[in-house]
Amino acid sequence: MIQSVEQLCDFVDLSADDLPIDFDSAFPFKVPKHFANQIEKGNPNDPLLKQILPGLAEQDLYPGFSPDPVGDLAANPQPSLIHKYHGRALLIASPRCDIHCRYCFRRHFPYEQAKKQHWQAALENIAQDHSITEVILSGGDPMTLSENTLIELIHEVEAIPHVSTLRIHSRTPIVAPQKAHRPTLLKALSKSRLQTVLVVHCNHANELTPESADLMQQFRQSNVFLLNQTVLLKGINDSADTLSALSKKLFSQGILPYYCHLLDKVSGSGHFDVQKQQAWAIFEQLRQALPGYLVPRFVEEIAGEPYKTLLTDPNSQDIKPTA
Ligand SMILES: *Cc1c(COP(=O)(O)O)cnc(C)c1O
Ligand code: SF4
């Protein structure tokens, strides 16, 4: 771990005095050494650096940005379980992350709720609801749990007969692959009756390394499907070339792009927002540049909608067909 912003600046050969840093941010700085290692030295505009450096721009107010834009608090009937969509329920497995991403839509979420003693209630709720066939472990980041705790949780999910799919959402395999390499977990997954999907979270090709490639191969050998989700971020990955390079590198490591999320409008992240018009233009260019299976679905999360909403052409005047 890098301990402080000052230490990070030293590490990447930048002077903290020259950068617009917010040293008192309520969402603390956190980055693993592996991720910091991929930052280009001496470049204040590095796309990885921008994801983690607490900036003064976070204090700027933007219209339409709020602490809980996706309605997670409203959809949270009990601590640790978010059941918004048919067939799948999301279990907040851990309150922690290995990295703090400045754009994160959960930066204001009351994670202290996600304690191990709340799992039992969440699991009982899933056991009683036969419509739930997929359990999503999310957070925070489930990989911040100890290997044994995570395996124990997976066994509890396996014990619910109507659940057939386990999905793990984690950024740890990308930002700290050494930490995500857990032989006993891999073995448990390879032997599990559950279909398992690992959705990693990578925003830029520079985040992918020989170490992440090795780890992904281990997951694939354990019968785990690998998908990626990205957040579209201004100044970081808001071009077709950058996203095309990301898709190709993901594929070279055995990962298919799944979602490219438009930014959730959470307070403190307005400076990362990409306008819909531009997002659509990038999507169109990507479709021309890549085979369909390497084009992520561009989506936005609209509170109250029964799925993540696909981005449509903002220029189109089409009227929705009526029944
Ligand atoms: C995004 C999300 C899911 C998963 O949606 P998919 O479209 O299946 O990937 C499930 N539950 C919640 C609460 C979510 O936010
Ligand atoms: S790892 Fe995911 S949940 Fe954690 S801060 Fe980053 S984006 Fe948010």
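Numbering of ligands and ligand atoms starts at 1, following listing order.
- Contact atoms of ligand 1 toward Y258: 6 (P), 7 (O), 8 (O), 9 (O) (distance under 4.0 Å to a heavy atom of the residue).
- R102 has its side chain within reach of P54: a pair of non-hydrogen atoms, C-beta onward, lies under 4.5 Å apart.
- Contact analysis leaves D141 out of contact with ligand 2, as no non-hydrogen atom separation drops below 4.0 angstrom.
- The R167 neighbourhood of ligand 1 comprises atoms 4 (C), 6 (P), 8 (O), 9 (O), with distances under 4.0 Å to a heavy atom of that residue.
- Atom numbering of ligand 2 starts at 1 in the shown order; those under 4.0 Å from a heavy atom of C97 are 1 (S), 3 (S), 4 (Fe), 5 (S).
- With rounding to the nearest 0.5 Å, the separation of CG in L198 from CG in L227 is 8.5 Å.
- Within the 4.0 Å heavy-atom shell around ligand 1 one finds Y85.
- Under a 4.0 Å criterion applied to the non-hydrogen atoms of I136, ligand 1 contributes the atoms 3 (C), 4 (C), 10 (C).
- Every heavy atom of H83 sits 4.0 Å or more from the atoms of ligand 1.
- Every atom of ligand 2 with a heavy atom of R171 under 4.0 Å away is listed here by number and element: 1 (S).
- Proximity to I82 (heavy-atom distance under 4.0 Å) selects the following atoms of ligand 1: 13 (C).
- Follow the hydrophobic side-chain contacts under 4.5 Å out from I302 and you never reach V299; the two are in separate clusters.
- Within the 2.8 Å limit, C101 places no N, O or S atom next to atom 4 (Fe) of ligand 2.
- Taking hydrophobic clusters as Ile, Leu, Val, Met, Phe, Trp and Tyr residues chained together by side-chain heavy-atom distances below 4.5 Å, L48 shares a cluster with L19.
- Each of the atoms 15 (O) of ligand 1 lies under 4.0 Å from some heavy atom of E301.
- Under the 4.5 Å side-chain heavy-atom criterion for Ile, Leu, Val, Met, Phe, Trp and Tyr, Y85 and L310 are members of distinct hydrophobic clusters.
- With ligand atoms numbered from 1 in the order given, ligand 1 contributes 5 (O), 6 (P), 7 (O), 8 (O) to contacts under 4.0 Å with heavy atoms of R88.
- Contact annotation for Y259 and ligand 1: only side-chain heavy atoms (C-beta onward) come within less than 4.0 Å of the ligand.
- Taking the six-membered ring for Trp, F29 and F23 have ring centres at least 6.0 Å apart.
- Using a cutoff of 4.0 Å between basic side-chain nitrogens and carboxylate oxygens, D273 and K265 are scored as salt-bridged.
- Taking the six-membered ring where the residue is Trp, H201 and Y103 present tilted rings, their angle falling between 30° and 60°.
- Within the model, atoms CD of E6 and CD1 of I21 stand 7.5 Å from one another, a figure rounded to the nearest 0.5 Å.
- Listed by number with element, the atoms of ligand 2 under 4.0 Å from a non-hydrogen atom of C104 are 3 (S), 5 (S), 7 (S), 8 (Fe).
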